[in-house]
Number of protein chains: 2
Amino acid sequence: MPLSAEHKERTRARILAAAGRVFRRQGYAATAVDAVMAEAGLTRGGFYAHFPSKEALFAEVLAHDHGLIRMLAARRARSSAGWRRQTRRILGDWLAPDHLGPVREGCSFAALTADAARGGPEVRRAWGLAFERLVGELLRTPATDVDQALAMASSERRALAAQLAANAIGMLVVAAAGEDGLLRTAQAVTRAAVLEQIDRLLAS
Amino acid sequence: MPLSAEHKERTRARILAAAGRVFRRQGYAATAVDAVMAEAGLTRGGFYAHFPSKEALFAEVLAHDHGLIRMLAARRARSSAGWRRQTRRILGDWLAPDHLGPVREGCSFAALTADAARGGPEVRRAWGLAFERLVGELLRTPATDVDQALAMASSERRALAAQLAANAIGMLVVAAAGEDGLLRTAQAVTRAAVLEQIDRLLAS
DNA sequence: TTTTTGGTATGATAGCCATCATATGAAAAG
DNA sequence: CTTTTCATATGATGGCTATCATACCAAAAA
């Protein structure tokens, strides 16, 4: 037998992470498979042993490479006050005006949503599932997991959480296109509105 | 002398309009110059007699091809009640859930903002100026033009208008990526919020 | 009608891209 | 140590892209 199976798995994960970085930086259409592999410290040879196509890789990135979801999933507070504080901190940092550069580099929702919209069914499904998980994380409490939170929430609460998520992502997408003060202040206003919304959402 | 100068101008406008359509449909990076010229009923030969580069064409599209701005600029009401009604109708149609397809095809803000964010300085400047004009149109009243509206508005009102615009554009960008009911309801909620905001903005 | 002018078409160039075919080499199993 | 196995590297292919050079041909001016 050749190299261990876990070695392959680790390499696959490395390619996935590299793809996320390069896609977010340059966009999906403008990124070559060679560039992804180079970012991972490899050459194009092995790529198709791990992913059937560039678009399948994109779908995989959209399915799993979301720092915001990871941070929300890592909340550990027991009391609902602490939970609310943690959530506020994560969303507040995420929408902080001076973090726009890093966020854009690091957040797939902010950087890749528009690219996902032009993808095939597989890509769009992956994005949709990730968005749903984000909404679930926003609805979640210390006592429930993501699926429970989604299943138990009223359709009204689900819509509010989805609106919150869409507003925040949309604000980052728009803010990334302009650098004038107008957008910086708009981002600050949106940030305040989002923090208010999450309070209302987690208070009930 | 060869063909009239106005003929060249008309051809240039035809290329510009064709570019807008194809860019919005396929995205900037995925669109070839040949495809733009074919959409305009021409071949690639004459392109560089009209625009110095593909990216310059993109900047030109971002500077001028915004249906939303055109519709807002066409408002003609005298009374502030009629003005508010017209504005509500334009924004309401723009954010109507069942218009998402056509809007995405027709609205450069919804379709091209993310692409503009990855463009060069020229592209970003063109997008920024268009966004500013959109904000000016939102602040405008029957008595003022865009520049006056921008100059006279308090920075607070400017920020509110920019937030409104960013929320609406962002919602459309996000909604274009998913087709589930979650986003459809979120879009409806955002639409209601935007209409409320524009009322507040135009009431003062 | 002839000439001139410049917008447009055709053809070319140089480079890039996604994907595949083959070669290589390292490590695990014997 | 030898053999096997497969992840990865190298090289190739067919196609696409932005841009340029040249050729053509309509129309305006003479």
Side-chain angles (χ1 to χ4, degrees), chain A residues 1-23 25-62 112 115-116 118-123, chain B residues 1-23 25-62 112 115-116 118-123:
Chain A
M1 289 252 180
L3 299 103
S4 62
E6 67 215 90
H7 175 254
K8 178 167 185 182
E9 194 45 53
R10 247 181 301 136
T11 303
R12 188 190 142 98
R14 228 172 67 226
I15 297 175
L16 208 55
R21 289 193 298 274
V22 185
F23 283 159
R25 200 179 313 135
Q26 317 186 348
Y28 170 72
T31 298
V33 171
D34 290 39
V36 170
M37 294 300 275
E39 171 90 14
L42 301 170
T43 67
R44 69 189 163 291
F47 178 76
Y48 291 90
H50 292 281
F51 301 94
S53 71
K54 181 187 168 189
E55 191 166 16
L57 169 67
F58 188 32
E60 196 87 14
V61 166
L62 290 174
L112 296 178
D115 284 339
R118 300 199 210 272
E122 199 186 357
V123 164
Chain B
M1 288 249 181
L3 299 103
S4 63
E6 66 214 90
H7 175 255
K8 177 165 186 182
E9 194 46 54
R10 245 181 303 134
T11 303
R12 188 189 141 97
R14 225 171 69 226
I15 297 174
L16 208 55
R21 288 193 300 272
V22 185
F23 284 159
R25 200 180 314 137
Q26 317 185 348
Y28 170 72
T31 298
V33 171
D34 290 40
V36 171
M37 295 300 275
E39 170 89 16
L42 300 171
T43 66
R44 69 188 163 291
F47 178 75
Y48 292 91
H50 292 282
F51 301 94
S53 70
K54 181 188 167 188
E55 190 167 16
L57 169 67
F58 187 33
E60 196 86 15
V61 166
L62 291 173
L112 296 178
D115 284 339
R118 301 201 210 271
E122 200 186 356
V123 164

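Order of the sequence lines sets the chain letters (A, B, ...), proteins ahead of strands, with each chain counted from 1. Given the structure is predicted, the values throughout are model-derived calculations rather than measurements.
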Discussion item. Can a donor-acceptor pair be found, under 3.5 Å and without considering hydrogens, that links the side chain of B:Glu39 to the backbone of B:Val22?
Written reply: no
Worksheet item: Which word best sums up how the rings of A:Phe58 and A:Tyr28 line up, parallel for under 30°, tilted for 30 to 60°, or perpendicular for over 60°?
Response: parallel
Discussion item. Between B:His7 and D:dA27, is there a contact of a side-chain N or O with OP1 or OP2 at under 4.0 Å?
Written reply: no
Worksheet item: Once you round it to whole Å, what is the distance between C1' of D:dT10 and CE of A:Met37?
Response: 13 Å
Fill in: From OG1 (B:Thr31) to NZ (B:Lys54), nearest 0.5 Å
6.5 Å
Practice prompt. Please round to the nearest 0.5 Å and tell me the distance separating atom CZ of A:Phe47 and atom CG of A:Asp34.
Written response: 10.0 Å
Fill in: Protein-nucleotide distance (A:His50, atom NE2; C:dT19, atom P), rounded to Å
16 Å
Practice prompt. Could you state the atom-to-atom distance from NZ of B:Lys54 to C1' of D:dC16 in whole Å?
Written response: 12 Å
Discussion item. Both A:Tyr28 and A:Gly45 contact DNA chain C. Which one's nearest nucleotide lies toward the 5' end?
Written reply: A:Tyr28
Worksheet entry | Value in whole Å for how far the P atom of D:dC6 lies from CD of A:Glu9 | 16 Å
Worksheet entry | Atom-to-atom span, CD of B:Glu55 to C1' of D:dT17 - whole angstrom | 15 Å
Worksheet item: Between C:dT19 atom C1' and A:Leu57 atom CG, what is the distance in whole Å?
Response: 14 Å
Worksheet item: Do the side-chain N or O atoms of A:Tyr48 get closer than 4.0 angstrom to the phosphate oxygens (OP1, OP2) of C:dT19?
Response: yes
Discussion item. Which nucleotide wins on minimum distance to the side chain of B:Ala49, given the candidates D:dT10, C:dT8, D:dC20?
Written reply: C:dT8
Fill in: Any A:Thr11 side-chain nitrogen or oxygen under 4.0 Å from OP1 or OP2 of D:dT8
yes
Worksheet item: D:dT10 C1' sits how many Å from A:Asp34 CG, rounded?
Response: 12 Å
Practice prompt. Please tell me which of the listed nucleotides, D:dC20, C:dC20, D:dT8, lies nearest to the side chain of B:Arg44?
Written response: D:dC20
Worksheet item: Is a side-chain N or O of A:Arg14 found less than 3.5 angstrom from the main chain of A:Ala40, in a donor-acceptor match?
Response: yes
Discussion item. Just the rounded figure in Å: distance from P of C:dC20 to CZ of A:Phe47.
Written reply: 11 Å
Fill in: Proximity to the side chain of A:Lys8 - top-ranked nucleotide from C:dA9, D:dA7, C:dT19
D:dA7
